[in-house]
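A, B, ... follow the sequence lines: proteins, then strands. Residue 1 opens every chain.
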2 protein chains.
Amino acid sequence: MDRFLSSATNKIDTKGRVSVPAHFRSVLQKRGFVELYALRALDVQAMDVGGPDLLDRYEQRIALEDPFLQAADDMSFFVHGDGSFLKLDQDGRITITDFIREHTGIGAEVAFVGRGLFFQMWEPERLKAHAGAVRSRLLKLRQQASEARAAALPES
Amino acid sequence: MDRFLSSATNKIDTKGRVSVPAHFRSVLQKRGFVELYALRALDVQAMDVGGPDLLDRYEQRIALEDPFLQAADDMSFFVHGDGSFLKLDQDGRITITDFIREHTGIGAEVAFVGRGLFFQMWEPERLKAHAGAVRSRLLKLRQQASEARAAALPES
DNA sequence: TATTGTCCCATGCTATCCCATGAACACGTC
DNA sequence: GACGTGTTCATGGGATAGCATGGGACAATA
């Protein structure tokens, strides 16, 4: 399978290195990514990590904004300014830079989360909080959908 | 028969492995699945397990959303971050990872429940509690229906 | 000279392969 | 009907390969 799936939490060692989960590495290889880009996620405290296509995706997003408005400029500044390359060493580890720590709050451990075409790196506790919020939003969505269907029916 | 039907509880061995019920395995084989896709269910503490087609269905659903809105992001976070592939070993067993234990509370045994096109894995006690809740909900529904019918009739 | 980043190797844990055991069950023969 | 035989299946365990992690050595940098 060639999608980033599942999640795992790995430790950062004394030198600031952390192993990228083996499954993610095999996806990277399968997709032919040599260079890894780490970008700040726009609305959460996490890093989005992926290949060159991730940059394209971000640029598409930014292009949606009116180029005369400040938002587009801010986004570009935010994303490109604090983006970075990550190099995998021979053992499949990356070094967590201060850039990454600042934006994510990552300290001793990194939580990796598959997102299909890319993956994310989180501070584990923040990930847990975010996951809870996502679940409650999705549950609400589901309830709204079933209520809408019930209302559409002539009668219960 | 190519549907997941009935339920069974199997033991997890000292290495964290558990046999997938033979009947389920034959369904999987009939459908040509080598890998399993397991998702931490949204509203219950169980894993929904099916073939990779389950993931495909979710991804098609996500594709309907505007990729830059929160809904799409939430859905992807859930489907990819809370999903994982499981491999059947040669003896038809899977290993219960912490990823699964965390969400389900599974400890020493796994209760498998057929759900037609997919099946679920539960912690046995929780399954029992859930089954009880489902039954009483259904009973209430039925009572309400018959009361409504009685009220609609002119009366005896 | 200190520091930082690679490379390389060691270690222990975990997942996987392969084989063994024993229980439940079906089938056929006496 | 009773008994043996074979099959299927859940379960256990030894051996091994893969993986996360720790640390030494060395080069590049400042």
Side-chain angles (χ1 to χ4, degrees), chain A residues 1 4-30 34-38 49 84-102 106-114 119-124 127, chain B residues 1 4-30 33-38 47 49 84-102 106-114 119-124 127:
Chain A
M1 188 50 59
F4 295 102
L5 268 189
S6 175
S7 64
T9 300
N10 288 343
K11 287 177 195 158
I12 300 179
D13 67 16
T14 51
K15 297 182 185 176
R17 300 170 302 180
V18 68
S19 293
V20 175
H23 174 250
F24 287 8
R25 296 205 301 265
S26 78
V27 175
L28 291 172
Q29 203 178 5
K30 216 166 284 176
V34 193
E35 291 175 323
L36 277 183
Y37 296 88
V49 186
S84 63
F85 292 98
L86 295 179
K87 263 186 293 184
L88 278 176
D89 72 14
Q90 313 189 129
D91 298 326
R93 288 185 276 201
I94 55 175
T95 302
I96 301 299
T97 63
D98 288 342
F99 265 151
I100 297 177
R101 291 184 192 272
E102 264 174 44
I106 284 173
E109 292 188 327
V110 181
F112 293 85
V113 181
F119 65 88
Q120 289 180 320
M121 298 193 297
W122 289 78
E123 193 285 316
L127 171 64
Chain B
M1 178 54 64
F4 297 103
L5 210 57
S6 97
S7 61
T9 299
N10 288 344
K11 288 178 196 160
I12 299 178
D13 67 16
T14 51
K15 296 182 185 175
R17 301 171 300 182
V18 68
S19 293
V20 174
H23 172 249
F24 288 6
R25 295 205 303 264
S26 78
V27 174
L28 291 170
Q29 201 180 7
K30 211 164 287 176
F33 296 148
V34 193
E35 277 177 322
L36 293 179
Y37 171 70
M47 304 296 299
V49 187
S84 172
F85 280 114
L86 302 178
K87 259 192 307 183
L88 278 175
D89 72 14
Q90 319 187 122
D91 299 326
R93 288 184 276 200
I94 54 175
T95 44
I96 302 299
T97 60
D98 288 343
F99 180 78
I100 297 175
R101 293 182 194 270
E102 265 175 36
I106 285 172
E109 292 189 329
V110 180
F112 293 84
V113 182
F119 64 88
Q120 289 182 319
M121 298 195 296
W122 289 79
E123 194 286 316
L127 173 61

Choose from D:dA10, D:dG13, D:dA20 the nucleotide whose nearest atom is closest to any side-chain atom of A:Ala22. D:dA20

Result for 5'-nearest mapping on DNA chain C, choosing between A:Lys87 and B:Leu88, is A:Lys87

To the nearest 0.5 Å, what is the distance between [atom1] on [X] and [atom2] on [Y]?
X: B:Lys15; Y: B:Ile96; atom1: NZ; atom2: CD1; answer: 15.5 Å
X: B:Phe99; Y: A:Ser7; atom1: CZ; atom2: OG; answer: 4.5 Å
X: B:Ile12; Y: B:Asn10; atom1: CD1; atom2: CG; answer: 9.5 Å

Measure the distance from [atom1] on [X] to [atom2] on [N] and round it to the nearest whole Å.
X: A:Asp89; N: D:dG23; atom1: CG; atom2: P; answer: 16 Å
X: B:Gln90; N: D:dT8; atom1: CD; atom2: P; answer: 17 Å
X: A:Lys11; N: D:dG23; atom1: NZ; atom2: P; answer: 12 Å
X: B:Asp98; N: D:dA20; atom1: CG; atom2: P; answer: 14 Å
X: B:Ile94; N: D:dA10; atom1: CD1; atom2: C1'; answer: 14 Å
X: B:Ile12; N: D:dG13; atom1: CD1; atom2: P; answer: 15 Å
X: A:Arg17; N: D:dG22; atom1: CZ; atom2: P; answer: 9 Å
X: B:Glu109; N: D:dG12; atom1: CD; atom2: P; answer: 10 Å

What do the steps show when you test A:Val18 against A:Phe112 for side chain to side chain contact (heavy atoms under 4.5 Å, CB included), and what is the final call? CA-CA 11 Å; A:Val18 68; A:Phe112 293 85; 4.0 Å; yes

A:Arg93 vs D:dG23: side-chain N/O to OP1/OP2 distance below 4.0 Å: no

A:Glu109 atom CD: more than 12 heavy-atom contacts under 6.0 Å: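 Yes, the 6.0 Å shell around CD holds more than 12 heavy atoms from other groups.
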
B:Glu35 CD: over 12 foreign heavy atoms closer than 6.0 Å: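 Yes, enclosed.
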
N-O pairing of B:Arg93 and B:Asp13 below 4.0 Å: yes

Using heavy atoms to find the nearest nucleotide of DNA chain D for B:Lys15 and B:Asn10 separately, return the residue whose nucleotide is more 5′. B:Asn10

Need two values: the first and the last nucleotide of DNA chain C, 5' to 3', having an atom under 4.0 Å from any heavy-atom of chain B. C:dT16 to C:dC19

When all nucleic acid strands are considered with a 4.0 Å heavy-atom cut-off, which category describes A:Ser19: base, sugar-phosphate, or nothing?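 It contacts base atoms.
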
